[in-house]
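Each chain gets a letter, A, B and so on, in the order the sequences are listed, and its residues count up from 1. Below, each value reflects all heavy atoms present in this structure, side chains not excepted, and no hydrogens, waters or symmetry copies.
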Amino acid sequence: MGGSIYLQPMSVIRGKWYNKEFRVIKRLGSGGTASIYLVREISCAKEYALKISRDMAGIDREYRILGQLASMPYIPGVYCRDDCIIEGEVCYFFSMGYFQGENLKRLFHGKKIPQKTALKIVAVTGSICCALNRRNLYYCDIKPENLIFDRETGSVCIIDFGGVVGKGEAVTQFTPDFDRASWGMGERIADEGYQGFALLMMLLGFLMGDLGCGGRDFARLKARVDKSQLSKNLKKVIIEGLKQKSPGLKRLAASLMDAAGETADKGCDDRRRVDAIIDIGLLLSITVFAVILIMVLWNSGMGYF
Amino acid sequence: MDGQLISPMELREIIVITDGKSNIGGDPVDAARLVHKKGIIVNTIGITGKEEQEEPFVELDGIARAGGGICDIIPLTRLGYSIQTVTRKSVQMTIEKAVSRQLRKITGYSLDEMEPDSRTRILEYIQRVGDEVDLRCVVLLDCSGSMKNRIKTAVNSIQELLLSLRARRGRFCLGIVVFPGDAGRESRIVSGFTSDFEELALRLDTIKVGGATPTYAGIIRASEMFDGQDEAMYPDGIHEGSKGLRYGLWQEENGEKPFIL
C-alpha cells in the first residue's frame, strides 16, 4: 500500500532531464519508501540496480552519499540520477551498480552458519563501517537483508544507504531486532556503539539461527547466550559489546577474532613482531642511558672529592 | 538562503492512530481541514487487521490530504517504526513544501522543476532544517473497543516515538489525547505537552479501552491543545515570523497531492 512503485517487466523508464532510457528486467525489492529494480540501459545494454521513489529528498540524499563513496569497494557505485513520470506522478530515481547475488537473509534462510564464517562476515561488515565512519557517514541499518554476497568477487557488499547519518545524529532507518533503542540498551543515535550492537545482534542471529525474542527482552536473550554452546570468551565479548562496554568497532572486531581463537589477520602478526623489536630497543637504550648516568655521576663525584 | 529564516520555528503536528472508521460525530476530514487552517499538520496511521475492508483507510487518506500530512497503512507489528517515520517524513515534507513555494515565488521554479543536480543543495539544507526545527506533537490515539488487543503495542510505539524525537537536534514535546474519553465523553487528554519520558510512561498507563470512534471530536480536541502555546513558548515575541510561516506558507493549494508513504 502507498509507497511502493510497481513497474512491469519490459516497461521503460525514461529520464526527464538526461533522456536515458532503462528497460525493467525484474523487481529486486523495496526498502522504506523506495523500490529497487534490475534494469538494462537501452543505449548500452548495461545492467544496473535502479532505486525509485516518490520521496525526492530521500533519493537525493542517498545519491549524494553514494556519490561521496564512489571509489570504495563493497559499495555500489552510482551512475545517473533523474526524474520520471509514472502513472501521472513524478518519481525520482538513480541507477547504481548491481551485485549479482543473494542477500544474507535469503542465503541463510535463518539457518545456523559455522562460527568462523559468521565471525568473518561480521568482521568484514564492521571494517566497511569503520571506513565509512572515517568520513562521518555512519551506516546504522546493519542487518542480513542489507548485505549481499557478491558471487563475482566472493565478498560481502553493503546496500541501502538511505539511513546513513552523521555521528551523533538521530538514526532514521533501523530494524527493531538490530536497534539498540528497541532493546532498551541505549539511545537511537548514530555512534560506534550503535553499530556494534547491530553487528553483534546479527552475529547472534547467524550463530543461533534466530534471535528468538519477539518481545526484545534483553535478559532473556542474555540467558539464551549463556546457555549456548559458544566459547566462554566469545560469550563475554558479545554480552559486553551488547551492553555497550566495547571501546569501539575496531577493537570489537579484534576481540571477536581473538575470542574465536584466531588472530585478527596477518598484518596484526607482523605488527606484534615489530612491537617486540621496539620493546627490545627501548630496553637497550634505557640500560645504556643508565650506565652513562652512573658514569657521569661517578666522575662528578670524583671531581668533588 | 539564511539559516535564521527558518530554523527558529516550531512545527505542530497531530498523529492520528486508529484501526477503523469514524462512527460518531462530524466528518473527520472536515476537522482536519479546519485544523490545518490553523497551521497544524494532521498525519494518520491506520492499523490493518486480517479481515478489514478498504473503507476506513480511504477516510484516513482523506484526513491526511486535508491536514497536509502523511497517511501510512500498516500491520500492527510495524506501528513503532511507522510512527517515527511518519513524524520525520511529515516534518521534512512540510519544510520541503514551504521552501519550494518560496523558491517558486523568487525564481519561478519549484523544486520539481529544477534539474536534479541543482536542487541537491537545497534539499540538503531542507534536511538540516528538518532535524533542527522545534516540534510540538499530539498523538491522537483511538481507544475504541476494536483497539482492545492493540493498545499495548500502540502505547509502546508512542514511547518509541519519544526515543526517536529525543535523538533530534531540535527541541520537542509530546502530548497524548485518546478518543473516546471516559464517562461518556468524546475525548480525554492523557498527557499535556511534555518531553519527560518517565512522566509520559506513567500517563500512558492510565489509558483504558472501550466505546465508539468519534474521530472528528478527537482531532478538534487535539488541536485545541496548541491554543495559547505561542505566548508560553515565546515570551519575547521574537518568533512572530515563525508564526507567519506556519499560518501562511504551507496552506494547501487546491488539488495538491499529499505525500503518501
Side-chain angles (χ1 to χ4, degrees), chain A residues 1-4 15-18 32-34 53-65 67 80-85 88-94 140-141 162-163 165-166 168-177 179-184 186-191 194 214-216, chain B residues 46 48 54 57 61 64 70-75 77-78 80-82 84-85 87-89 92-93 95-96 99-100 110-128 130-132 156-157 159-170 172 257-261:
Chain A
M1 181 106 189
S4 285
K16 173 179 157 188
W17 298 96
Y18 309 117
T33 58
S53 168
R54 293 189 191 91
D55 175 10
M56 184 205 303
I59 288 289
D60 180 75
R61 216 180 104 73
E62 190 166 351
Y63 181 84
R64 213 181 323 129
I65 289 167
C80 138
R81 138 177 78 169
D82 211 336
D83 307 347
C84 64
I85 305 223
E89 269 190 272
V90 186
C91 295
Y92 311 91
F93 71 83
F94 65 83
C140 294
D141 198 8
V165 292
E169 285 175 30
V171 174
T172 55
Q173 212 170 293
F174 60 87
T175 309
D177 274 349
D179 167 45
R180 183 170 71 181
S182 297
W183 287 86
E187 298 262 340
R188 192 168 290 145
I189 288 176
D191 55 32
Y194 188 92
R216 284 184 279 284
Chain B
T48 53
E54 278 284 293
F57 305 117
D61 192 46
I70 293 172
C71 169
D72 197 15
I73 309 295
I74 38 108
T77 48
R78 288 194 51 86
Y81 187 74
S82 169
Q84 66 98 25
T85 314
T87 312
R88 188 173 54 84
K89 288 270 175 196
Q92 211 72 62
M93 182 190 72
I95 296 167
E96 205 174 291
V99 170
S100 188
S110 67
L111 275 173
D112 256 345
E113 293 156 346
M114 289 173 80
E115 203 180 326
D117 286 339
S118 33
R119 70 179 169 225
T120 182
R121 293 189 59 182
I122 298 167
L123 288 169
E124 210 173 335
Y125 168 79
I126 289 171
Q127 196 209 328
R128 212 183 58 229
D131 197 48
E132 286 170 357
N156 285 342
S157 63
Q159 287 170 315
E160 280 272 297
L161 175 64
L162 203 65
L163 281 181
S164 281
L165 291 180
R166 207 149 64 169
R168 291 174 75 246
R169 250 191 270 273
F172 73 94
K257 281 200 116 181
F259 182 87
I260 298 174
L261 276 178

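Residues Y81(B) and F174(A) share a closest heavy-atom pair of CE1-O, 3.2 Å.
For S182(A), the parts lying under 4.5 angstrom from a heavy atom of chain B are both the backbone and the side chain. Both the backbone and the side chain of E124(B) come within contact range of chain A, judged by heavy atoms closer than 4.5 Å. Heavy atoms of L165(B) lying under 4.5 Å from chain A are absent altogether. Both the backbone and the side chain of R188(A) come within contact range of chain B, each with at least one heavy atom under 4.5 Å from a heavy atom of that chain. Residue Q84(B) touches chain A through its side chain alone, counting heavy-atom pairs closer than 4.5 Å. Interface remark: E160(B) contributes backbone and side-chain atoms alike to the contact with chain A (heavy atom separation under 4.5 Å).
Using a 4.5 Å cut-off on side-chain heavy atoms (C-beta onward), M114(B) and W17(A) make no contact. Side chains of T172(A) and R88(B) form a contact here, defined as non-hydrogen atoms less than 4.5 Å apart.
Every residue meeting the ring pair (Phe, Tyr, Trp, His ring centres under 6.0 Å) condition with F93(A), not counting sequence neighbours, appears here in chain and number order: F22(A).
The pair E169(A)-R168(B) does not meet the salt-bridge criterion, since no charged nitrogen lies less than 4.0 angstrom from a carboxylate oxygen. A salt bridge is absent between D60(A) and R119(B); no separation between the charged side-chain nitrogens and carboxylate oxygens falls under 4.0 Å.
The OG1 atom of T120(B) lies 4.5 Å from the CZ atom of R81(A); values are rounded to the nearest 0.5 Å. Between S100(B) atom OG and M56(A) atom CE the span is 6.5 Å, to the nearest 0.5 Å.
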* Take R64(A) and D117(B) through the salt bridge (Lys or Arg N to Asp or Glu O under 4.0 Å) test and state the conclusion after the steps. => CA-CA 10 Å; R64(A) 213 181 323 129; D117(B) 286 339; over 6 Å; no
* **Derivation and outcome, side chain to side chain contact (heavy atoms under 4.5 Å, CB included), residues K89(B) and D55(A)** => CA-CA 9 Å; K89(B) 288 270 175 196; D55(A) 175 10; 2.2 Å; yes
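When only modelled atom types and interatomic distance are considered, Y92(A) and D112(B) share a side-chain donor-acceptor pair under 3.5 Å.
For the set V90(A), I189(A), D83(A), the count of heavy-atom pairs under 4.5 angstrom toward chain B peaks at D83(A).
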